[in-house]
Amino acid sequence: MQDCLFCKIVAGEIPSKKVYEDEQCYAFYDIDPQAPTHFLVIPKQHIQSVAAVDAGNSAVVAHCFEVIAKVAKDLGLESFRVVSNIGEQAGQSVFHLHFHVLSGRDMTWPPG
Ligand code: AMP
Ligand code: ZN
């Protein structure tokens, strides 16, 4: 999609620090890390947010979770948090579905 930051990262038009890539998903380190380990897992296809997941695209979302599990294991993460913000009030700033994976520090619950 034009003017989507994460579509441009997938296309290689904007640099990123890759963690993992396959045909369906891309994972890269967050530019403004909120934990000692903080990376994002995204589908390569443009999906606006979790709110736009449906029967036609949910397989790639499931695959994103396989990638999260694999990368977390490869990085030796024993405890981590997966977050997806939906809409501005919840803190979404990039409107291409992404899962934050955060690890390496104590985390509070409920989140702020
Ligand atoms: P959200 O606010 O939940 O939409 O998350 C968007 C995330 O993308 C934020 O944590 C940003 O720090 C991150 N981000 C923005 N631009 C880049 C970039 N060029 N490379 C890596 N991460 C980015
Ligand atoms: Zn996009």
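Residue indices begin at 1 and follow the sequence shown. Treat the numbers as computed from the prediction; the structure is a model and nothing was measured. Note that these values count all heavy atoms, side chains included, but never hydrogens, waters or copies made by symmetry. Remember, it's 1-based here, ligands and their atoms both numbered in the order they're listed.
Side chain of Ser16 to main chain of Lys18: no donor-acceptor pair is present (N/O by atom type, distance under 3.5 Å, no hydrogens or angles). Checking side-chain atoms of His96 against main-chain N and O of Pro43 turns up a donor-acceptor pair under 3.5 Å. The backbone N or O of Asn57 sits less than 3.5 Å from a side-chain atom of Asp54, completing a donor-acceptor pair.
Clustering of Ile, Leu, Val, Met, Phe, Trp and Tyr side chains at separations under 4.5 Å places Val10 together with Leu5, Phe6, Ile9, Ile14, Tyr26, Phe28, Leu40, Ile42, Val94. Leu102 forms part of a hydrophobic cluster together with Val83, Met107, judged by ILVMFWY side-chain heavy-atom separations under 4.5 Å.
For the pair Arg81/Trp109, a side-chain contact is recorded, criterion being any heavy-atom separation below 4.5 Å from C-beta on. At least one side-chain heavy atom of His100 sits under 4.5 Å from a side-chain heavy atom of Asn85.
Excluding waters, the protein N/O/S atoms found under 2.8 Å from the Zn ion (ligand 2) are Cys4 SG, Cys7 SG, His46 ND1, His96 ND1.
Rounded to the nearest 0.5 angstrom, His63 NE2 and Cys25 SG are separated by 4.5 Å.
Salt bridge Lys44/Glu21: present, at least one basic N to carboxylate O contact under 4.0 Å.
Listed by chain and number, Leu5, Phe6, Ile9, Phe28, Tyr29, Asp30, Ile31, Asp32, Leu40, Asn85, Gly91, Gln92, Ser93, Val94, His98, His100 each place a non-hydrogen atom less than 4.0 angstrom from ligand 1.
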